[in-house]
Amino acid sequence: IYITTPLYYVNAEPHLGSAYTMIITDTLARYYRANGRETFYLTGTDEHGDKIFQAATAAGVPPKEFTGRVSAAFRDIWDQCGFTYDHFIRTTDAYHVRYVQEFLTKVYNAGDIYFDRYSGLYCFGCERFYTEKELVGGKCPDHLTEPTLIEEENYFFRMSKYQDRLLRHLEEHPDFIRPEGFRNEVMAMLREPIGDLCISRPKNRLTWGIEIPFDQRYVTYVWFDALINYVSALKYKGQAAFEKFWPEAQHFIGKDILKPHGVFWPTMLMAAGLPLYKHLNVHGFWTVEGQKMSKSLGNVISPLAMKEKIGMDAFRYFVLRESVFGQDADFREESLTARYNADLANNLGNLVSRVLAMQDKYFSGIVQPLSGNWHSEDVELRDKFHQAEEELKQHMQSLQFHRALESVWAAIDHANRYTVQTSPFVLFKDPAKRGRVGEILHHLLEVIRTSGRLIGPFLPDTAKELHALLAIPAGATNAQVPWGSFFVPGHKVLPPKVLFPRIETDPNA
RNA sequence: CGCGGGGUGGAGCAGUCCGGUAGCUCGCAAGGCUCAUAACCUUGAGGUCCCGGGUUCAAAUCCCGGCCCCGCAACCA
């Protein structure tokens, strides 16, 4: 399977939004890897364009150096977050530039790129064209000046030629773009004329870009520059990689860039004679405390700050559990704390802690044997986890991360109930029943082992820690050994540890 | 104008595609337990599932109509 994120534009810091895309894709990548699927997970940075050039100039460094620096910073942040991308692409990478030019040449030779004169209202302040609709009272909304009518010659991509074919593709593949709402939106776009796409900028207006291979006076503009990364990265890995992964391509994007990915990109692929990606998966936006996230409001959530504050795993858990894929969600301090305390500290954390405490206290950590004679509640407990795993599988298919986690937690909940029902801490007082106590704890250790395996893609550090507490060697953690036959006689687990300290909230606040 | 999303116990949200006991977290009330992170377990109170019509044996869920709320300049997922 091939998983991609958008390329992040290097003039801004990573924030909750981009982190969300990363968390989703990282979780999926980990999930598929854990299930033995060959996985290629791609992210990177978009480094061309005017804004970058200006930022570089302002910083007093050549653009190449500037983007190198910012891109590295980006990558560093993702690494600190622990995202497991397989390749990090930069639009300034030589192989990418080369492939973009190859792509352009191919489409040009096929006759789908033409040269034309066009005129429009241009704002010199913004260095861009405006449509009548975008203007406020006939003026540029940013500079409040009247734009100038200028004529320019540029290259255009014959996008309209592929409109019908794309529409048909969407009709024949209802899940090409998902969730459905976004597919409908693209369908609506395709029922209107989509026109052709301007894909160049003359160098006198923009130099920091990829040169059009058949006209040195021009550079190409965002779409051909950036979108093509999804293919160029694979080509870089070799034709075999391309053939293996491209048919399994799953793009993940935010709803803001639906049109480029839902309309421009597939038509570009058609023009280049390449097969289309498999799915475009579109997610919603986050608001913060009910408000739009923006720099001016200063409410931007930084992933590293969250890591610092409650830990990366807890942050991942929150965004995956609290949002419904495809819909907008709200980031609230209060919900974050509530989720953390309820699900991570009280449920999972406390369960692990109580089980390991008993195991330690009663048997010095030595796992006790299981007799062939299981009680009905033992069977029920195991079945709950089997059920959770089945449900998890289904929900991952449909990107319902919140439900996948819900399923796992339903099983963990049950394990807490099982502990009270079977009451090993009461039975232990009767020396005759200690054998049974050992069995109960054995089952509960299986709970921890299985939980670790199930939450691995979502909460990788926690999973690792659970397995470490069980003294399971790193290589053996994923073994799908049947419930009850994993722990060999004499296996010793570690004493308890507080995984998620409760966050005390001030009742007077 | 148009497009999209939403309206579910006190709060925040799932569930709606594939109709059939309305679920989760927090909060509230009563009880239990003592292994555990003052955690855990049980029970309870609290719901016209926005409104109206339709389909159906059966509608939060499907269909039609209406009301209300949010987003759709830029940065940006």
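Just so you know, these numbers come straight off a predicted model, no measurement behind them. Just so we're on the same page: letters track the sequence lines, and every chain starts at 1.
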(request) Return the set of residues passing salt bridge (Lys or Arg N to Asp or Glu O under 4.0 Å) with K361(A) (not counting sequence neighbours), or none when no residue passes. (result) none
(request) Apply side chain to side chain contact (heavy atoms under 4.5 Å, CB included) to S423(A) and list each qualifying residue two or more places apart in sequence or on a separate chain. (result) F425(A), V426(A)
(message) From C-beta outward on K51(A), which listed nucleotide comes closest to its side chain: C75(B), U16(B), A77(B)?
(response) C75(B)
(message) Once side chain to side chain contact (heavy atoms under 4.5 Å, CB included) is applied, do any residues pair with K497(A), and if so which ones, sequence neighbours excluded?
(response) E465(A), L469(A)
Using a cut-off of under 3.5 Å, enumerate the N/O to N/O pairs linking the protein to nucleotides 5-7 of chain B.
{"residue": "G6(B)", "atom": "OP1", "partner": "Q327(A)", "partner atom": "NE2", "Å": "3.3"}

(message) For nucleotides 31-38 of chain B, give me one character per nucleotide, 5' to 3': B if any protein heavy atom sits under 4.0 Å from the base, S if the only such contacts are to the sugar-phosphate, - if neither.
(response) --SSBBB-
(message) Applying a 4.0 Å non-hydrogen cut-off, can you work out what V352(A) is touching in the nucleic acid: base, sugar-phosphate, or nothing?
(response) nothing
(request) Quick one: list whatever passes side chain to side chain contact (heavy atoms under 4.5 Å, CB included) with A410(A), sequence neighbours left out. (result) none
(request) Just grab all the salt bridge (charged side-chain N to carboxylate O under 4.0 Å, His left out) pairs involving residues 221-231 of chain A, residues at least two apart or on different chains. (result) none
Identify each donor-acceptor pair in which a side-chain atom of residues 313-328 of chain A lies under 3.5 Å from a protein atom, sequence neighbours left out, and give them as a table.
{"residue": "D313(A)", "atom": "OD2", "partner": "D461(A)", "partner atom": "N", "Å": "3.1"}
{"residue": "D313(A)", "atom": "OD2", "partner": "T462(A)", "partner atom": "N", "Å": "2.6"}
{"residue": "D313(A)", "atom": "OD2", "partner": "T462(A)", "partner atom": "OG1", "Å": "2.5"}
{"residue": "R316(A)", "atom": "NE", "partner": "F458(A)", "partner atom": "O", "Å": "2.7"}
{"residue": "R316(A)", "atom": "NH1", "partner": "D26(A)", "partner atom": "OD2", "Å": "2.7"}
{"residue": "R316(A)", "atom": "NH2", "partner": "D26(A)", "partner atom": "OD2", "Å": "2.9"}
{"residue": "R316(A)", "atom": "NH2", "partner": "T27(A)", "partner atom": "OG1", "Å": "3.2"}
{"residue": "R316(A)", "atom": "NH2", "partner": "P457(A)", "partner atom": "O", "Å": "2.9"}
{"residue": "Y317(A)", "atom": "OH", "partner": "D343(A)", "partner atom": "OD2", "Å": "2.6"}
{"residue": "E322(A)", "atom": "OE1", "partner": "R339(A)", "partner atom": "NE", "Å": "2.7"}
{"residue": "S323(A)", "atom": "OG", "partner": "Y20(A)", "partner atom": "OH", "Å": "3.1"}
{"residue": "S323(A)", "atom": "OG", "partner": "V319(A)", "partner atom": "O", "Å": "2.7"}
{"residue": "D328(A)", "atom": "OD1", "partner": "K255(A)", "partner atom": "NZ", "Å": "3.1"}
{"residue": "D328(A)", "atom": "OD1", "partner": "F285(A)", "partner atom": "N", "Å": "2.8"}
{"residue": "D328(A)", "atom": "OD2", "partner": "K255(A)", "partner atom": "NZ", "Å": "3.0"}

(request) Sort and list the pairs that fulfil salt bridge (charged side-chain N to carboxylate O under 4.0 Å, His left out) and have at least one residue in residues 415-435 of chain A, not counting sequence neighbours. (result) D430(A)-K433(A)
(request) Taking only heavy atoms on the protein side, list every residue of residues 77-92 of chain A lying under 4.0 Å from any atom of RNA chain B, sorted numerically. (result) none
(request) Name all residues meeting the salt bridge (Lys or Arg N to Asp or Glu O under 4.0 Å) criterion together with R183(A); count only those two or more places apart in sequence or in a different chain, and write none if there are none. (result) none
(request) Please collect all side chain to side chain donor-acceptor pair (under 3.5 Å) contacts where either partner lies in residues 399-409 of chain A, sequence neighbours excluded, each pair once. (result) E391(A)-S407(A)
